[in-house]
Amino acid sequence: MKLYQLGKYNTKTDLSQQSSEIRDFVIVNHDYKSIRQLIKKYKELEEESVIILKKAILAGYWDSHYGFGWDKGNEIEFWELVYSKSENSGVAILTLAELYRGHKVKSLTEVIEMYIKAIEINSEHYYSIQPEDFEIIRRDEKLKFKFIDIELKLLEKQWDIDEFREELPYISRQFNGDKKLVEYKTEKINEIIKRKATNNGSYN
């Protein structure tokens with residue numbers, strides 16, 4: 001028996017004992033109570049175990065409607081349990097944050113620190129934030145600068161110096177006329193350009 005939403009995890013052979021046990025269990029058992037009982041017995045959950053649970057239960061969506069079909073209360077209670085056993089898992093943090101928001105239990109501003117923590121664990125989680133979320137973030141005088149820093153820290157690892165130079169002329173069109181953000185991002189990009197030029201041994 002297989003679960004389509006598990007993909008490669010249906011047959012993955014190099015799983016840990018914990019992840020393998022969880023995978024084999026959720027392929028057969030889809031009900032809230034039995035899976036919760038299984039997870040309760042572990043002191044800590046490995047990252048791959050969390051990934052398997054998310055794939056199986058949610059099937060690629062923010063809630064379990066197309067996966068195991070649990071109700072709102074069970075979903076939230078379960079992922080709070082998962083998070084309590086894997087507080088350094090960005091996947092667990094974001095899954096719980098998105099459930100809170102999706103079920104209108106908490107707003108973006110109430111869970112934004114969860115997003116920040118997940119991004120600090122793995123910078124790729126930055127891309128879990130939707131464009132419309134940034135409109136809300138940019139209304140907050142502290143958060144709007146913090147997220148510029150987060151974005152540029154990520155891009156500094158990915159972009160070369162020319163890509164940052166090409167970005168400069170377009171900054172003035174961003175941020176709906178917020179001059180402070182334009183000036184801040186421009187200043188930070190110029191700092192990155194200087195760092196990259198110094199590392200490359202030249203500054204043109």
Side-chain angles (χ1 to χ4, degrees), residues 1-106 108 110-134 147 150-151 153-155 157-158:
M1 187 175 176
K2 295 181 180 180
L3 283 178
Y4 79 91
Q5 62 261 44
L6 281 181
K8 67 178 182 179
Y9 284 103
N10 278 299
T11 54
K12 203 167 188 286
T13 57
D14 60 346
L15 294 172
S16 69
Q17 181 177 345
Q18 181 193 98
S19 295
S20 181
E21 182 178 14
I22 290 172
R23 184 271 312 273
D24 294 345
F25 191 88
V26 298
I27 284 176
V28 178
N29 303 278
H30 302 169
D31 64 290
Y32 166 73
K33 286 185 178 179
S34 64
I35 296 176
R36 180 180 171 83
Q37 276 306 119
L38 174 69
I39 300 310
K40 280 179 71 175
K41 79 174 191 178
Y42 297 111
K43 184 177 180 181
E44 293 182 2
L45 286 174
E46 301 162 2
E47 181 76 348
E48 200 158 36
S49 296
V50 177
I51 292 170
I52 289 169
L53 288 168
K54 181 172 183 177
K55 284 180 174 291
I57 297 166
L58 304 185
Y61 295 86
W62 68 267
D63 72 353
S64 69
H65 179 76
Y66 296 102
F68 288 178
W70 295 351
D71 65 32
K72 167 184 171 179
N74 288 346
E75 285 179 351
I76 291 174
E77 286 177 5
F78 181 79
W79 287 103
E80 286 176 339
L81 173 65
V82 170
Y83 174 58
S84 74
K85 293 178 178 291
S86 53
E87 292 186 358
N88 291 317
S89 164
V91 174
I93 295 167
L94 287 179
T95 302
L96 182 56
E98 288 171 0
L99 276 171
Y100 281 148
R101 293 182 63 198
H103 287 306
K104 302 188 185 306
V105 174
K106 295 184 180 182
L108 173 63
E110 289 175 305
V111 299
I112 196 64
E113 291 301 325
M114 296 175 73
Y115 280 90
I116 291 170
K117 182 178 179 181
I119 293 165
E120 288 172 348
I121 293 169
N122 182 345
S123 59
E124 293 298 317
H125 289 313
Y126 174 83
Y127 298 112
S128 65
I129 300 175
Q130 301 301 310
E132 57 268 25
D133 294 339
F134 285 108
F147 271 84
I150 291 171
E151 176 196 14
K153 183 178 180 180
L154 178 62
L155 291 179
K157 297 175 183 177
Q158 300 176 348

Exercise. So with a 6.0 Å cut-off around NZ of Lys54, is the heavy-atom count from everything else above 12?
Worked result: yes

Problem set entry | Distance in Å, Ile51 CD1 paired with Tyr9 OH, rounded so as to fall on 0.5 Å steps | 4.5 Å

Problem set entry | Mutual orientation of the aromatic rings belonging to Trp70 and Phe78 [parallel < 30°, tilted 30-60°, perpendicular > 60°] | perpendicular

Problem set entry | Nearest-0.5 Å distance that lies between atom OG in Ser16 and atom CD1 in Ile22 | 7.5 Å

Exercise. So Tyr126 and Phe134, would you call those rings parallel, tilted or perpendicular, with 30° and 60° as cut-offs?
Worked result: tilted

Problem set entry | Minimal non-hydrogen separation, Ser86 against Ala92, with atom names | OG-CB, 3.5 Å

Exercise. What heavy-atom pair brings Gln18 and Ser49 nearest, and what distance separates the two atoms?
Worked result: OE1-OG, 2.6 Å

Problem set entry | Minimal non-hydrogen separation, Leu96 against Ile76, with atom names | CD1-O, 4.2 Å

Exercise. Is there side-chain contact between Ile129 and Ile119, with at least one heavy-atom pair below 4.5 Å?
Worked result: yes

Seminar exercise, completed: Of all heavy-atom pairs linking Arg23 and Ile52, the shortest is CA-CG2, 4.0 Å

Exercise. Do Leu53 and Ile35 come within less than 4.5 Å of each other through their side chains, counting heavy atoms only?
Worked result: yes

For this session: Kindly determine whether Phe147 and Ile112 satisfy side chain to side chain contact (heavy atoms under 4.5 Å, CB included), including the steps that lead there.
Result: CA-CA 11 Å; Phe147 271 84; Ile112 196 64; 3.7 Å; yes

Problem set entry | Note, Leu154 side chain near Gln158 side chain (heavy atom, < 4.5 Å) | yes

For this session: Just jot down the side-chain hydrogen bond (donor to acceptor under 3.5 Å, both in side chains) partners of Glu77, sequence neighbours excluded, or say none.
Result: Tyr32

Exercise. Between atom CG of Leu58 and atom CD of Gln5, what is the distance when rounded to the nearest 0.5 Å?
Worked result: 9.5 Å

Exercise. Are any of the side-chain heavy atoms of Val26 and Ile57 separated by less than 4.5 Å?
Worked result: no

Exercise. Of all heavy-atom pairs between Ile39 and Lys85, which one has the smallest distance, and what is that distance?
Worked result: O-CE, 3.3 Å

Exercise. When rounded to the nearest 0.5 angstrom, what distance separates CG in Asn10 from CD1 in Ile27?
Worked result: 5.0 Å

For this session: Could you tell me whether Lys153 atom NZ has more than 12 heavy atoms of other residues or ligands within 6.0 Å of it?
Result: no

For this session: Take Lys106 and Met114 through the side chain to side chain contact (heavy atoms under 4.5 Å, CB included) test and state the conclusion after the steps.
Result: CA-CA 12 Å; Lys106 295 184 180 182; Met114 296 175 73; 5.7 Å; no

For this session: Report yes if some heavy atom in the side chain of Thr95 is under 4.5 Å from a heavy atom in the side chain of Val82; otherwise report no.
Result: no

Problem set entry | Value rounded to 0.5 Å, distance of CD in Glu21 from CD in Gln17 | 6.5 Å

For this session: Check step by step if side chain to side chain contact (heavy atoms under 4.5 Å, CB included) holds for Val50 and Trp79.
Result: CA-CA 10 Å; Val50 177; Trp79 287 103; 4.3 Å; yes

Exercise. If you look at every heavy atom in Tyr83 and Ile93, which pair is closest and at what distance?
Worked result: CE1-CG1, 3.4 Å

For this session: Could you tell me whether a side-chain N or O of Lys117 sits under 3.5 Å from a main-chain N or O of Glu87, the two making a donor and an acceptor?
Result: yes

For this session: Inspect the surroundings of CD in Glu132 and state if more than 12 heavy atoms from other residues, nucleotides or ligands are less than 6.0 Å away.
Result: yes

Problem set entry | Candidate pair Ser19 and Glu48, rule side-chain hydrogen bond (donor to acceptor under 3.5 Å, both in side chains), full reasoning | CA-CA 6 Å; Ser19 295; Glu48 200 158 36; 4.6 Å; no

Problem set entry | Pairing residues for Ser64 by the side-chain hydrogen bond (donor to acceptor under 3.5 Å, both in side chains) criterion, not counting sequence neighbours | Glu75

Exercise. Given Glu98 and Tyr61, is the side-chain hydrogen bond (donor to acceptor under 3.5 Å, both in side chains) satisfied, shown in steps?
Worked result: CA-CA 10 Å; Glu98 288 171 0; Tyr61 295 86; over 6 Å; no

For this session: Indicate yes or no: at least one non-hydrogen side-chain atom of Glu110 is less than 4.5 angstrom from one of Tyr100.
Result: no

For this session: For His30 and Leu3, run side chain to side chain contact (heavy atoms under 4.5 Å, CB included): C-alpha distance rounded to whole Å, both residues' side-chain angles, the deciding distance at 0.1 Å, then the answer.
Result: CA-CA 10 Å; His30 302 169; Leu3 283 178; 3.6 Å; yes

Seminar exercise, completed: Here the gap from Glu46 atom CD to Ser89 atom OG, rounded to the nearest 0.5 Å, amounts to 11.0 Å

